[in-house]
Each structure stands twice: as structure tokens, then as C-alpha cells.
Amino acid sequence: MRSELTSAACIMVFCAVLYHQAASLPLPRFEILGPAFFPKLVLSIIMGLNFLHMIMVVARHYREKPAAVSSALAAKGGDEQSFFLRILPAVAVAYFVLYALMISYTEIPYLALTFVYVALTSWTLAFFRPGALLPAVLVSLGVTGFIYVVFARFLELLLP
Amino acid sequence: MDILHNISLGIQQLAHIDVILITMVGTAMGILVGVVPGLSATMAVAMAVPITFAMEAMPGLALLISVYVGGLTGGLVSAVLLRIPGTPASIATTYDGYPMAVKGEPGRALGYAVVASFLGGGFSYLLLLTLAPAVAREAVKLGYFEIFSVVMCAMVMIADSSQGSLLKALIAGFMGMLVGMVGPDPISGTARLTFGFSELRGGFAEASVLIGLFAFSQLISDISNVNRKLPDFKVSYKNIIPRARDLLDSKWNLLRSALIGTSIGIVPGVGATTASIIAYNQAKSASKDPGKFGTGIKEGIIASEAANNAVSGGAMVPLLTLGLPGCPVAALLLSGLIVKDLTPGPSLFSSDPGIVYGFFLAFILANVFMLLLMLTLIKPFAMVLKIPKYLLIGPILALCVIGAYISNNRMMDVWVLLGFGLFGYIADKRGYPMGPLVLGIILGPIAELQLRRGLSSSGGSFMPLVTRPVSLIFLIIALIVLCLPFYQEWRSRKKKRSGAEAV
């Protein structure tokens with residue numbers, strides 16, 4: 001219940017901020033509704049649905065309380081995913097952010113950055129097994145080459 | 001005569017060596033992506049969209065279509081060999097495909113699945129060729145209020161068909177509409193919801209949003225499966241080409257499944273997964289030996305695969321005739337069309353019949369390539385299953401970056417991709433489905449524009465929404481679809497209570 005209510009509260013706050021932004025849009029001049037009407041309407045609908053969802057979550061929690069507690073206790077014991085596997089998505093996202101930042105703010109060529117990024121990401125996802133390094137490097141070379149040949153040469157597009 | 005002339009215009013669009021090669025390569029790429037569990041046809045098409053920016057209209061559309069057709073079919077390989085659907089649409093293929101493979105007939109199982117996919121898809125594309133122009137002629141009569149009602153009805157149906165809570169699906173749909181409103185107001189041009197960022201004055205780049213939601217978020221979710229070892233399998237070409245007698249025995253099953261798939265494809269939000277399960281259940285009900293289903297019989301495989309491929313043709317009907325995508329892939333194809341200055345709708349049929357019929361014929365061509373490639377190269381395609389997942393995720397993420405960048409040559413779009421990727425990942429984990437969200441992004445601006453134009457023409461009156469019959473019908477359908485789940489829940493709770501009281 002807590003996570004559901006947290007998500008719903010975040011949505012409420014987000015919608016309130018956007019509603020404040022939408023309220024500052026100019027009034028309609030040559031038509032009935034104007035640019036602010038639809039954003040405000042959609043935001044109101046989202047907040048209304050969200051509020052209803054919060055009520056239903058609370059009602060369901062109190063209605064099904066004994067079952068929910070026992071299943072929560074069961075779930076606690078059942079989850080044995082390793083710590084590294086659990087943080088792996090966050091690590092992958094962190095690599096991605098670093099990659100994008102380096103493309104934006106450094107002079108290092110894009111293709112070199114891509115090669116390093118793909119190799120590092122693949123090796124990390126293989127849990128840094130020594131045997132996985134060579135395949136990761138080879139695949140990275142292949143992908144970098146593919147991007148260069150297809151996007152830069154064949155399609156004649158500008159790379160970052 | 002008109003249709004023959006239009007078909008010849010379509011053939012002229014398609015009959016270039018580069019278009020044919022692109023269709024073949026696109027089909028192969030789609031199959032390769034579809035084969036791998038965890039990667040979907042939708043992801044493959046999302047990745048292909050930015051590549052089409054640098055292409056002419058017909059080659060670009062042919063690429064998207066062929067990737068879609070290939071992706072839909074690729075899922076059957078792991079469904080048959082491993083009992084793991086490569087794409088969700090192949091789930092019903094596992095029921096009989098895998099048992100048949102285990103019995104020592106993987107080639108025969110794959111053959112039935114591939115040929116059924118070809119025939120089901122072919123049926124729906126031929127129907128598309130004849131049905132779409134007729135629907136387009138009637139669609140011209142729809143006014144602003146009718147289109148607004150159709151869009152709202154489609155949104156509700158998509159939300160209703162999604163997994164999980166209807167409320168969450170509706171919230172996701174409306175949040176998608178909100179995302180679609182960022183940028184210039186469609187009538188006055190005023191920048192909305194940009195928070196002062198000049199880069200958002202033009203709105204979010206559609207390619208970045210779609211790649212973020214479909215590719216990036218799904219890959220990040222799939223990282224937890226990176227260690228999953230797939231079971232060993234055998235692939236064989238033995239009996240891969242089904243006997244004509246076997247197919248003729250199943251002709252009614254094929255026809256029924258293709259019809260189910262095509263009809264379900266026309267209805268927004270339902271999708272290939274539901275179509276294949278319904279067709280499978282129908283085949284079982286109509287069979288003289290329903291008990292044999294699930295033991296590895298050809299009727300189960302044929303029903304599932306014919307239906308899931310037939311959905312692709314049906315889904316193009318609302319897209320091309322009304323400009324309304326009824327599924328995420330149609331939304332991606334819509335963005336591919338808009339980038340080429342082609343606005344789908346009734347007017348496209350008269351202004352650019354060559355492109356429209358080329359679009360239809362591209363489906364047929366991709367279908368033929370799918371059949372040829374799958375029957376001859378099934379072993380190499382199946383070998384993709386042996387590639388460890390850790391070697392696939394990094395390259396696809398790198399392709400996401402370049403795909404987002406090339407739409408406008410700016411890094412802002414890569415950050416948009418990251419933002420929407422994380423948003424999609426969190427939303428998915430919290431039970432907010434992607435389908436309504438994406439369709440809200442596409443359909444929201446359409447609904448707003450149509451309603452505002454309608455109000456301008458009616459002098460500010462909302463009455464035409466209920467006085468015009470077509471508009472009223474769609475609003476009533478939307479209301480029924482919206483209220484039905486709550487009514488059903490209330491009835492089931494009432495039954496439980498009266499059952500408890502009786503005890």
C-alpha cells in the first residue's frame with residue numbers, strides 16, 4: 001500500500017505543478033477554449049482518477065488486511081536475488097548517463113566512446129567474468145563499425 | 001478499374017531494387033529481434049523509426065513494415081523450440097508447438113507455424129487492400145465531433161484491454177495525452193508546459209519518446225533476466241514444408257483464425273496476443289478432438305500463428321483510414337508517415353494513392369520474404385537464441401542513443417530518451433501500462449484539435465457530441481466499456497456476499 005500511495009502522491013504533486021504552469025497560459029482570443037483548457041482538463045481528470053485510485057488502494061488494504069500481511073511476510077522470505085543483480089539496472093543506467101555526458105561535454109570521439117561504452121556495459125552485465133571480456137570487445141567493435149557504416153556512410157547522417 | 005490503377009501505382013512505388021532489398025533486410029532484422037525472448041516487434045520498429053528519417057518515403061515505410069512483419073513471426077521460433085514466446089503474440093503457439101518439437105518433429109512444428117503466419121497475414125493484407133479504401137470513402141463523412149468521439153472511445157478501449165487495473169491504464173492514457181501537449185498549441189502556437197526550456201518549444205521528439213518507452217525501459221527491465229540460461233534445443237529442416245493435404249485439412253481453421261485476427265486488429269487496443277489466444281480457443285471448441293489440444297497437434301499451431309499475423313493487416317485499417325493508431329506499432333508507423341509529410345486519413349487515399357497502395361503491397365512483399373527467409377534460414381535464426389543476453393543489451397542501448405540523436409541532431413533528444421526510458425521503467429514496475437501511455441501521446445493532440453475545431457464550427461456548443469448519431473454511438477460504447485469492469489466487480493462481490501450469507 002505504501003508504494004502505491006507514494007506513486008499516487010507523486011503524480012498528484014506533479015499534476016499540481018503542471019496545473020499551475022497551465023494556468024499561466026494566455027486566455028483564448030479567437031476561439032472558445034484556448035491553449036490552457038485541455039491541459040487543465042486532462043490534469044484535473046488525472047488528479048481525479050488518481051484520488052479515486054488512492055481511495056481504492058486504502059479500502060482494499062483494510063478489506064484484505066490479514067491476507068496482505070501474511071503474503072508480505074511470505075514475500076520477504078522468498079526474495080533471494082543477489083545484491084549485484086538487484087543494482088545491475090541502476091549500474092546500466094549510470095553507464096548510460098556517463099556515456100551521454102561524455103558525448104555532450106568532452107572532445108572524445110563518439111565512436112571511441114561507443115566502443116568503450118558497449119564493451120564495458122556488456123562485460124558488467126556478464127558480472128566481469130574474464131571469459132566474457134573478449135566477446136564483449138568483439139561485439140562492441142562490430143556495433144561501432146555497424147553504426148559508422150550504416151549511419152555515417154550509407155545514410156550520410158551526422159554522428160554526435 | 002480504380003483499384004487496379006491504384007495497385008499499379010503502388011507497384012511502381014515498390015518496384016525499385018533498393019525498396020525490395022530494404023524490405024528483405026528489414027524482414028530479416030525483424031525476425032532476428034522477434035526470435036529473442038525479451039525483445040519485441042514493437043522495440044524493433046521503434047529502433048527502425050529514426051533510420052527512416054534519412055530515407056525516401058517508400059523505402060522508409062517498407063523498412064518499418066518489414067521489421068514489423070518479421071518481428072511478429074520471429075517469436076514463433078523460441079515458442080516452438082523452447083516453450084518461451086519470443087514475442088507475447090506467440091504465447092498460444094507454445095501450447096502445441098513445443099510438444100510437437102519435443103516429440104521429435106521441430107521442423108514440422110516450425111513449418112506449420114511459418115506457413116500459417118504467411119497465410120494468415122496474407123489473408124489480412126488482401127482484406128486490407130479491399131476494405132481500407134471502402135472505409136476511407138465513408139470516413140470522409142466523419143466530422144470533428146465524430147473523430148473526437150472515436151478517439152476517446154479508442155482510448156477507453158485501449159485502457160480496458162491493458163493488463164492490470166483499469167484506473168491505472170486510464171491514468172497512463174491521460175498522462176500520455178499530457179505529454180503530447182508539451183510544445184506548441186495546435187491552434188494558437190503558444191508554447192505549453194515547457195517550463196521555459198526553449199528546446200521543448202517544438203515538443204518532445206516522438207522518436208526519442210517511443211524509443212525510450214519501448215526499447216530503453218524494456219531493456220532495463222530485462223537486465224534482471226541477463227543470467228537466464230535457455231534450455232538446449234534442436235532445429236531441423238525435416239518436414240519443414242507442410243504437405244498441401246495437411247493444410248487443406250485445416251482450411252476452415254486457417255480461415256476462421258485469419259478472420260479473428262483481422263477483426264481483432266481493427267479494434268483498437270486488443271492486439272495480437274489476445275487474437276492468438278481467442279483463435280486457439282475457438283479452434284479447440286470447433287475441433288472433433290478438443291482433448292488433443294496441448295499435446296502437439298497442427299491445428300493449435302495454425303490457429304495461433306494465423307491469427308497473430310492477421311492482426312497486423314487489421315490494425316492498419318483505422319490507421320490509414322482515420323489516422324488513428326490502435327496499437328503501439330501502428331503509432332510508430334504513424335510517426336514514420338508523419339515524418340514524410342504523409343498524414344494518414346481519407347484524404348491520403350486521393351492525394352497519394354501510390355504511397356497508400358505501396359504501403360499495402362509492402363506488407364504483402366514482406367510477408368513473402370518472411371516465408372522464404374524462415375523456411376530457408378530457420379537454423380541461423382534459431383542460433384541467435386544461443387547468443388548470451390549480456391552481449392545484446394549494450395549494443396541495443398548504443399543504437400538507442402544514435403536513434404534518438406539523428407532525429408534532430410541534438411543531445412537534448414538523448415536526454416529525453418533517458419527521461420522517458422526511466423519513466424517507462426518506473427511506470428511499468430508500478431503497474432501503469434505502456435500501451436495506453438503511448439497511444440495517449442499520439443491520440444491526445446488529435447482529440448484536442450478535433451474538439452477545438454468542432455467547437456469553433458458549432459459556435460461553442462458541445463451539443464453536436466450527443467446530437468450527431470455516430471458521435472453519440474461511440475461515446476455510448478466508451479461509457480459501456482468504462483463502466484463494465486466496475487459493474488462486473490460489483491456483481492461478483494454481491495455473489496460472494498450472498499454465498500457467504502447462505503453458508
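Residue numbering restarts at 1 for every chain, and letters A, B, ... go by the order of the sequence lines.
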- Candidate pair B:Ile51 and A:Phe154, rule side-chain contact (heavy atoms from CB on, under 4.5 Å), full reasoning: CA-CA 11 Å; B:Ile51 298 174; A:Phe154 179 63; over 6 Å; no
- Message: What verdict does the side-chain contact (heavy atoms from CB on, under 4.5 Å) test give for A:Val93 and B:Leu418, after you've listed the backbone C-alpha separation in whole Å, the side-chain angles of each residue and the deciding distance to 0.1 Å?
- Response: CA-CA 8 Å; A:Val93 171; B:Leu418 176 66; 4.3 Å; yes
- Message: Between A:Val17 and B:Phe195, is the side-chain contact (heavy atoms from CB on, under 4.5 Å) condition met? List the steps.
- Response: CA-CA 10 Å; A:Val17 168; B:Phe195 289 92; 4.0 Å; yes
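Surrounding NZ of B:Lys494 are at most 12 heavy atoms belonging to other residues, nucleotides or ligands under 6.0 Å away. The number of heavy-atom neighbours closer than 6.0 Å to CE of B:Met152, taken from other residues, nucleotides and ligands shown, is above 12. Within 6.0 Å of atom CZ in B:Phe197, 12 or fewer heavy atoms from other residues, nucleotides or ligands are found, so the atom counts as exposed in its surroundings. Heavy-atom neighbours of A:Phe14 CZ from other residues, nucleotides or ligands within 6.0 Å: at or below the threshold of 12.
Proximity to chain A involves both the backbone and the side chain of B:Leu193, based on heavy atoms less than 4.5 angstrom apart. With a threshold of 4.5 angstrom between heavy atoms, A:Val97 approaches chain B through its backbone and through its side chain. No part of A:Tyr95 comes within reach of chain B, as not one of its non-hydrogen atoms sits under 4.5 angstrom from that chain. For chain B, the nearby parts of A:Leu18 are the backbone and the side chain; heavy atoms of each come within less than 4.5 Å. Looking at A:Tyr117, only its side chain comes within 4.5 Å of chain B, counting heavy atoms on both sides. Residue contact with chain A, scored on non-hydrogen atoms closer than 4.5 Å, is absent for B:Leu166. Only the side chain of A:Ile45 comes within less than 4.5 Å of a heavy atom of chain B; its backbone N, CA, C and O stay farther away. Of the atoms belonging to A:Leu138, not a single heavy atom falls under 4.5 Å from chain B. With a threshold of 4.5 angstrom between heavy atoms, B:Leu422 approaches chain A through side-chain atoms but not through N, CA, C or O. In this structure, the portion of B:Leu451 lying under 4.5 Å from any heavy atom of chain A is its side chain and not its backbone. Looking at B:Thr194, the atoms closer than 4.5 Å to chain A (heavy atoms on both sides) all sit in the backbone: N, CA, C or O. Heavy atoms of B:Ala191 lying under 4.5 Å from chain A belong exclusively to its backbone. Interface residue A:Leu157: only side-chain heavy atoms are found under 4.5 Å from chain B. For B:Phe53, no part sits under 4.5 Å from any heavy atom of chain A, backbone or side chain. When heavy atoms are compared at a cutoff of 4.5 Å, A:Leu49 approaches chain B by way of both its backbone and its side chain.
Within the 3.5 Å criterion, the main-chain N or O of A:Ser7 finds no donor-acceptor partner in the side chain of B:Arg430.
Between B:Pro395 and A:Val143, the shortest heavy-atom contact is CB-CG2, 3.3 Å. Across every non-hydrogen atom of A:Pro39 and B:Arg192, the tightest pair is CD-NH1, 3.6 Å. B:Arg452 and A:Pro35 make their closest contact through NH2-N, 3.7 Å (heavy atoms, listed as atom of the first residue, atom of the second, distance). Contact between B:Ile406 and A:Phe151 at its shortest, heavy atoms only, is CD1-CE2, 3.7 Å. The shortest heavy-atom contact between A:Leu158 and B:Asn409 is O-OD1, 3.8 Å.
Note that CD1 of B:Ile171 is 4.5 Å distant from CG of A:Asn50, once rounded to the nearest 0.5 Å. Rounded to the nearest 0.5 angstrom, A:Leu111 CG and B:Ile402 CD1 are separated by 8.5 Å. Rounding to the nearest 0.5 Å places OG1 of A:Thr121 at 8.5 Å from CD1 of B:Ile223. We find the NZ-CD distance between B:Lys168 and A:Glu4 to be 3.5 Å, quoted to the nearest 0.5 Å. Atom CZ of A:Phe38 and atom CD1 of B:Ile187 lie 10.0 Å apart (nearest 0.5 Å).
Side chains of A:Leu101 and B:Trp415 form a contact here, defined as non-hydrogen atoms less than 4.5 Å apart. Inter-residue side-chain proximity for B:Val401 and A:Ile103 is flagged as met; some heavy-atom pair is nearer than 4.5 Å. Residues B:Ile393 and A:Ser122 are not in side-chain contact: their nearest non-hydrogen atoms beyond the backbone lie 4.5 Å or more apart.
Among the candidates A:Thr114, A:Thr124, A:Leu52, A:Leu120, the residue making the largest number of heavy-atom pairs closer than 4.5 Å to chain B is A:Leu52. Of the listed residues (A:Ile11, A:Ile147, A:Ile46), the one with the most heavy-atom contacts under 4.5 Å to chain B is A:Ile46. Counting heavy-atom pairs closer than 4.5 Å to chain A, the top residue among B:Tyr405, B:Phe174, B:Tyr432 is B:Tyr405. When each of A:Ser3, A:Gly48, A:Pro135, A:Pro89 is scored by its heavy-atom pairs under 4.5 Å with chain B, the top score falls to A:Pro89. The candidate from A:Pro26, A:Ala8, A:Ala126, A:Pro160 with the greatest count of non-hydrogen atom pairs under 4.5 Å with chain B is A:Pro160. With respect to chain B, the highest number of heavy-atom pairs below 4.5 Å among A:Ala90, A:Ala92, A:Gly34, A:Ala136 belongs to A:Gly34. Considering only heavy-atom pairs separated by less than 4.5 Å from chain A, the leading option among B:Arg410, B:Glu448, B:Met411 is B:Glu448. With chain A as the partner, the residue from B:Met175, B:Lys389, B:Met177 showing the most heavy-atom pairs under 4.5 Å is B:Met175. Note: B:Leu391 leads B:Leu392, B:Leu391, B:Asp185 in heavy-atom pairs under 4.5 Å with chain A.
Between B:Tyr390 and A:Phe127, the distance separating the two ring centers is not shorter than 6.0 angstrom.
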